[in-house]
Amino acid sequence: MINVTVAGAAGRMGKRISALCIGHEEIKLVGAVERKGHEYIGEDLGRVLGLSPIGVTITDNLEDLIEKTDVVVDFTMPQSTLHNLRIVSDASKAAVVGTTGFTKEERAQIRAFTERFPCVMAPNMSVGVNLLLKVLADIAKVLGDDYDVEIMETHHRLKKDAPSGTALRMAEVIASALGRNLDEAAVYSRKGLIGERSKKEIGIQCLRAADIVGEHMVMFATEGERIEIIHRASSRDTFAKGAIRAVLWVYGRPPGLYDMMDVLGLRGS
Ligand code: NAD
């Protein structure tokens, strides 16, 4: 059995991941962590999920749980993830990180940490989106600079970061396939007398409304035709199931920073 602790256990994703861990034949849920002051600290996680008690109390201290944990699953906030990864690193355990919204510096910090332990980190754990990332690179390479690239993402009104980590990853993959530097190519908003669209820009636009789980649309357009590739997530379980696959995959791996392309065997295929 792989002993898992979920950080952000009472959050939207943390609850679904915890629910999938309970009763899993290869995973044992041994810990649940929430932020200091959270209303569910001290509660049994089973009860918080609307189930019978499972004997796992939600705490605000990962350090107390790390010894009995094999893999920490973190769907929280960037600052909290960095704090948790330091604890994982010190104890030489493994991690699966789904949190998004990191700065470049924070990502560099995570890369440095993961020289000491195995970590799967992906802004989107769904199988469909990761397959799409691979397809997007192939499409961009074939279409080249003749096609304008625009990305649009739509999420629920409570999402804290923008653009979504997935939209940024899509933009990175396309920019890299086209030999562009995303820092120079990305255009995040348009307003006023902005002039003509430059040939190499990659537009990234965000919509926020109601309870939409997550939608991404990538458009490649040229005179006379356009291709639109759309992914719609209608349930968080698509991400939670991916996180569980990542837990099963990462346990026992050599140190390093991996993503879902590694987990799903899509790297270089
Ligand atoms: P949420 O706000 O519902 O949940 C986050 C939880 O983390 C909250 O319960 C919060 O109290 C908790 N938290 C905050 N600070 C903490 C700390 N220091 N220690 C422990 N817990 C702490 O958000 P969500 O919708 O569950 O999303 C969480 C993150 O996962 C976001 O960054 C989101 O973009 C990302 N996400 C990733 C994927 C993916 O597939 N990778 C899918 C959905 C969401």
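The structure displayed is predicted, hence computed values, not measured ones. Both counts, for ligands and for their atoms, begin at 1 and track the order of listing. Computation of the quantities below employed the complete heavy-atom set of this structure, encompassing side-chain atoms and omitting hydrogens, waters and symmetry-equivalent molecules.
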### Message
Given E153, which partner from the list R169, K159, R208 fulfils the salt bridge (charged side-chain N to carboxylate O under 4.0 Å, His left out) test?
### Response
R208

### Query
Has ligand 1 got any nitrogen or oxygen that is less than 3.5 angstrom from a nitrogen or oxygen of G11?
yes

### Query
Is the shortest heavy-atom distance from the side chain of T69 to the side chain of V88 under 4.5 Å?
no

### Query
Is there side-chain contact between I227 and V218, with heavy atoms separated by less than 4.5 Å?
no

## Note on the structure
For S80, the atoms of ligand 1 under 4.0 Å from one of its heavy atoms are 15 (N), 16 (C), 17 (C), 18 (N), 19 (N)

### Query
Of all the heavy atoms in A122, does at least one lie under 4.0 Å from an atom in ligand 1?
yes

### Message
Less than 3.5 Å apart, any donor N or O on the side chain of H216 or S164 sitting next to an acceptor on the other?
### Response
yes

### Task
Tell me, please: is K15 in heavy-atom contact with ligand 1, that is, under 4.0 Å?
no

### Message
Under 4.0 Å from a heavy atom of T100: which atoms of ligand 1 are those, numbered in the order shown and with their elements?
### Response
32 (O), 33 (C), 34 (O)

### Ligand-residue contact atoms, ligand 1 with P123, heavy atoms, under 4.0 Å
37 (C), 38 (C), 39 (C), 40 (O), 41 (N)

### Task
Check ligand 1 against H38 and write out every atom of the ligand that is under 4.0 Å from a heavy-atom position of the residue.
11 (O)

### R35 bridged to D60 by N-O distance under 4.0 Å
no

### Query
When rounded to the nearest 0.5 angstrom, what is the spacing between NZ in K241 and CZ in R245?
11.0 Å

#### Entry: Side chains of R232 and I230 in contact at under 4.5 Å (non-hydrogen atoms)
yes

### Query
Should E172 and R107 be marked as a salt bridge (Lys or Arg N to Asp or Glu O under 4.0 Å) after you check the CA-CA gap, both sets of side-chain angles, and the distance that decides it?
CA-CA 14 Å; E172 276 166 9; R107 281 204 272 176; 3.2 Å; yes

### Message
Among all protein heavy atoms in this structure, tell me which lies nearest to atom 5 (C) of ligand 1, with the distance rounded to 0.1 Å.
### Response
F75 O, 3.6 Å

### Interfacing atoms of ligand 1 (cut-off 4.0 Å, heavy-atom, M125)
39 (C), 40 (O), 41 (N)

### Numbering as shown, the atoms of ligand 1 that approach F239 to under 4.0 Å (heavy-atom distance)
40 (O), 42 (C), 43 (C)

### Task
Starting from atom 16 (C) of ligand 1, locate the nearest protein heavy atom and write down its residue, its atom name and how far away it is, to 0.1 Å.
R35 CB, 3.4 Å

### Task
Could you tell me whether some N/O pair between A7 and ligand 1 is separated by less than 3.5 angstrom?
no

### Task
Ignoring angles and geometry beyond distance, decide whether S126 reaches within less than 3.5 Å of ligand 1 through its nitrogen or oxygen atoms.
no

### Per atom 24 (P) of ligand 1, closest listed option by heavy atom (R12, E34, M77)
R12

### Task
Assess K159 for proximity to ligand 1: is some non-hydrogen atom of it under 4.0 Å away?
yes

### Query
If we only count heavy atoms from C-beta on, is the L133 to M170 side-chain gap below 4.5 Å?
yes

### Query
Does K160 approach ligand 1 within less than 4.0 angstrom via side chain, backbone, both or neither, non-hydrogen atoms only?
side chain

